[in-house]
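Start at 1 with the first residue, then count along the sequence.
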Amino acid sequence: MKKFNVGIIGATGMVGQRFMTILDNHPWFNVTVLAASPRSAGKKYEDAVGSKWCMDVDIPETMKDIIVKNATEDIEEIASAVDFVFCAVDMKKDEIKALEEAYAKAECPVVSNNSAHRHTPDVPMILPELNDKHAEIIPAQRKRLGTKRGFIAVKPNCSLQGYVPALFPLDKAGYKVKDVLVCTYQAISGAGKTFETWPEMVDNVIPFIGGEEEKSEKEPLKIWGEINSDEIVDSERPNFTAQCIRVPVSNGHMAAAFVRFENKPSKEEILNVWKNYKGRAQELELPSAPKQFLNYFEEDNYPQTKVHRDLEGGMAISIGRLREDTQYDYKFVALSHNTLRGAAGGAVLMAELLAAEGYLD
């Protein structure tokens with residue numbers, strides 16, 4: 001695999017910082033450009049981020065002296081200097097849409113962590129182990145944008161990264177997921193916060209996260225969707241209902257899921273699907289792909305956020321407590337690392353998939 005030069009748009013934010021730590025010494029991707037808001041532009045990255053650096057490792061030595069570009073004004077310059085960009089900016093949704101399209105029209109592919117384009121019909125929203133085929137919509141998007149190389153691809157919201165990977169393979173195995181009720185218990189880093197910057201979360205639970213329940217219910221339908229000519233058409237099933245709660249945890253989103261099937265499997269059949277499931281990311285042996293995507297724990301008190309969120313570099317899904325339910329067919333809990341699998345790591349894995357399949361050439 002050739003080495004790709006990449007940029008990080010929104011490099012001073014929490015997800016941008018996570019991109020930097022993941023991409024340090026990446027075998028395929030070499031970070032050559034960092035961009036952020038006008039107030040950071042023109043400064044060395046180390047000076048621009050200052051006390052906002054919140055990762056548990058130091059700023060990568062190869063990146064701390066990079067002069068930060070202006071993400072909104074230096075588009076042509078950035079596009080000409082890299083093969084593609086990761087985007088994780090804190091802006092209004094319509095501004096993000098316009099910014100990402102501007103990069104794409106400058107012939108710079110955009111791998112986005114933002115939600116702005118998740119429901120644009122010809123923008124693939126890819127969880128690499130599940131719906132890799134949605135990348136096939138990219139030529140139609142390029143035709144709409146009038147580009148040869150430029151396009152936008154997005155990753156799904158962090159809230160659904162535990163329960164959707166557990167359900168999707170069961171659906172594809174023929175058991176047909178019908179109804180899902182899910183309650184997510186989400187870490188404070190999902191809000192770009194730490195306990196130092198959000199002391200109100202210590203010893204506290206907040207039963208509301210703006211926009212998360214809608215994302216948790218609607219985005220799975222696009223993952224389940226099918227390409228029809230020049231757009232991805234959302235599936236009409238499964239039926240999802242969600243409640244999302246902020247809990248005093250630094251990293252890691254837990255989900256408690258209840259599921260009803262059209263063709264109810266046995267518990268042994270479910271566990272067999274989870275154990276043996278491999279997606280395209282595993283077939284291609286992508287650098288960031290977990291070797292075992294879905295991990296089931298027999299212990300009654302597993303998975304635990306602090307113990308299991310970093311499994312396989314934070315890219316694996318941990319599942320437990322599968323049992324029959326009195327109203328639904330089954331219930332279980334699932335855990336994912338929200339800033340790794342759910343955010344920057346998921347975007348890096350998607351970029352590896354796009355690179356391996358030739359979309360970044």
Side-chain angles (χ1 to χ4, degrees), residues 6-26 29 31 33-41 43-69 71 85-91 96 111-115 155 157-159 161 184-206 209-210 212 244 246-254 288 305-311 313-315 335-349:
V6 306
I8 301 172
I9 312 301
T12 56
M14 181 176 282
V15 176
Q17 294 175 29
R18 182 65 80 180
F19 272 124
M20 293 173 66
T21 63
I22 294 173
L23 294 170
D24 189 28
N25 298 314
H26 190 281
F29 305 147
V31 176
V33 172
L34 300 174
S37 65
R39 64 179 176 272
S40 297
K43 301 176 183 176
K44 289 183 179 180
Y45 181 79
E46 186 176 31
D47 297 329
V49 73
S51 62
K52 291 191 297 180
W53 182 260
C54 58
M55 297 292 105
D56 53 7
V57 296
D58 292 337
I59 301 171
E61 286 293 328
T62 56
M63 303 180 207
K64 61 169 55 175
D65 291 333
I66 293 178
I67 303 300
V68 178
K69 301 289 186 186
V85 295
F86 292 104
C87 189
V89 295
D90 183 12
M91 299 166 60
I96 295 172
V111 177
S112 177
N113 186 77
N114 301 302
S115 64
K155 52 153 289 298
N157 195 50
C158 56
S159 64
Q161 303 274 342
T184 63
Y185 305 88
Q186 300 184 206
I188 62 173
S189 56
K193 305 284 189 179
T194 64
F195 286 117
E196 288 73 25
T197 61
W198 201 3
E200 296 85 355
M201 274 307 303
V202 177
D203 193 30
N204 195 20
V205 168
I206 298 176
I209 308 173
E212 289 292 285
C244 298
R246 188 73 73 192
V247 295
V249 168
S250 58
N251 293 297
H253 287 355
M254 184 80 76
S288 299
T305 303
K306 194 172 182 178
V307 176
H308 299 107
R309 62 190 170 197
D310 293 317
L311 188 63
M315 294 299 289
L335 171 72
S336 62
H337 195 303
N338 57 297
T339 69
L340 290 169
R341 165 58 72 168
V348 170
L349 183 61

Begin from the C-alpha positions of Arg246 and Met201 and carry the test side-chain contact (heavy atoms from CB on, under 4.5 Å) through to its verdict.
CA-CA 8 Å; Arg246 188 73 73 192; Met201 274 307 303; 3.7 Å; yes
Kindly indicate, with the supporting measurements, whether the criterion side-chain contact (heavy atoms from CB on, under 4.5 Å) is fulfilled by Ile8 and Val31.
CA-CA 8 Å; Ile8 301 172; Val31 176; 4.2 Å; yes
Please test Val348 against His26 for side-chain contact (heavy atoms from CB on, under 4.5 Å), starting from the C-alpha separation and ending with a verdict.
CA-CA 10 Å; Val348 170; His26 190 281; 3.8 Å; yes
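Shortest non-hydrogen contact noted between Phe195 and Ser250 is CE1-N, 3.9 Å. For the pair Ala88 and Gly16, the tightest heavy-atom approach, listed with the atom from each and the gap, is CB-N, 4.4 Å. The shortest non-hydrogen separation linking Ala347 to Val111 is O-CG1, 3.5 Å. Among all heavy-atom pairs drawn from Ala187 and Asn338, the shortest one is CB-OD1, 3.8 Å. The nearest pair of heavy atoms linking Glu212 to Ser159 is OE1-CB, 3.5 Å. In plain terms, the two heavy atoms of Gly342 and Gln161 that are nearest each other are CA-CG, 3.6 Å.
Contact check for Arg309 versus Val249: side-chain heavy atoms found under the 4.5 Å cut-off. Put simply, the side chain of Gln17 reaches to within 4.5 Å of the side chain of Val49, judged on heavy atoms. At a threshold of 4.5 Å between non-hydrogen side-chain atoms, the residues Met55 and Met14 count as touching. For the pair Leu340 and Ile22, the minimum side-chain heavy-atom distance is below 4.5 Å. In this structure the side chain of Pro248 reaches within 4.5 angstrom of the side chain of Val205, judged on heavy atoms. The shortest side-chain heavy-atom distance between Trp53 and Lys64 does not fall under the 4.5 Å cut-off. With contacts defined as side-chain heavy-atom distances shorter than 4.5 Å, the pair Val247/Gln186 does not qualify. Side-chain atoms of Met63 and Asp24, non-hydrogen and from C-beta on, do get closer than 4.5 Å to each other.
Counting only distance, with no hydrogens or angles, the side chain of Lys52 and the backbone of Ala48 share no donor-acceptor pair below 3.5 Å. Formation of a donor-acceptor pair under 3.5 Å by the Ser288 side chain with backbone atoms of Leu349 is not found in this model. The backbone N or O of Gly192 sits nowhere less than 3.5 Å from a side-chain atom of Ser189 that would complete a donor-acceptor pair. A donor-acceptor pair under 3.5 Å links the side-chain atoms of Tyr45 to the main chain of Ala11, judged by distance alone.
A side-chain N or O of Arg18 and one of Thr339 form a donor-acceptor pair less than 3.5 Å apart.
Expressed to the nearest 0.5 Å, how far CD1 of Ile9 lies from CD1 of Ile96 amounts to 12.5 Å. Taking CG from Asn114 and CZ from Phe86, the interatomic distance works out to 13.0 Å, rounded to the nearest 0.5 Å. Distance check: Thr12 OG1 to Leu34 CG gives 9.5 Å after rounding to the nearest 0.5 Å. Between Thr305 atom OG1 and His337 atom NE2 the span is 10.5 Å, to the nearest 0.5 Å. Atoms NE2 and CD1, on His253 and Ile209 in that order, are 6.5 Å from each other to the nearest 0.5 Å. To the nearest 0.5 Å, atoms CG (Asn113) and SG (Cys158) are separated by 8.0 Å.
Within 6.0 Å of atom NZ in Lys44, 12 or fewer heavy atoms from other residues, nucleotides or ligands are found, so the atom counts as exposed in its surroundings. The number of heavy-atom neighbours closer than 6.0 Å to NZ of Lys306, taken from other residues, nucleotides and ligands shown, is 12 or below. Surrounding CG of Asp310 are more than 12 heavy atoms belonging to other residues, nucleotides or ligands, all under 6.0 Å away.
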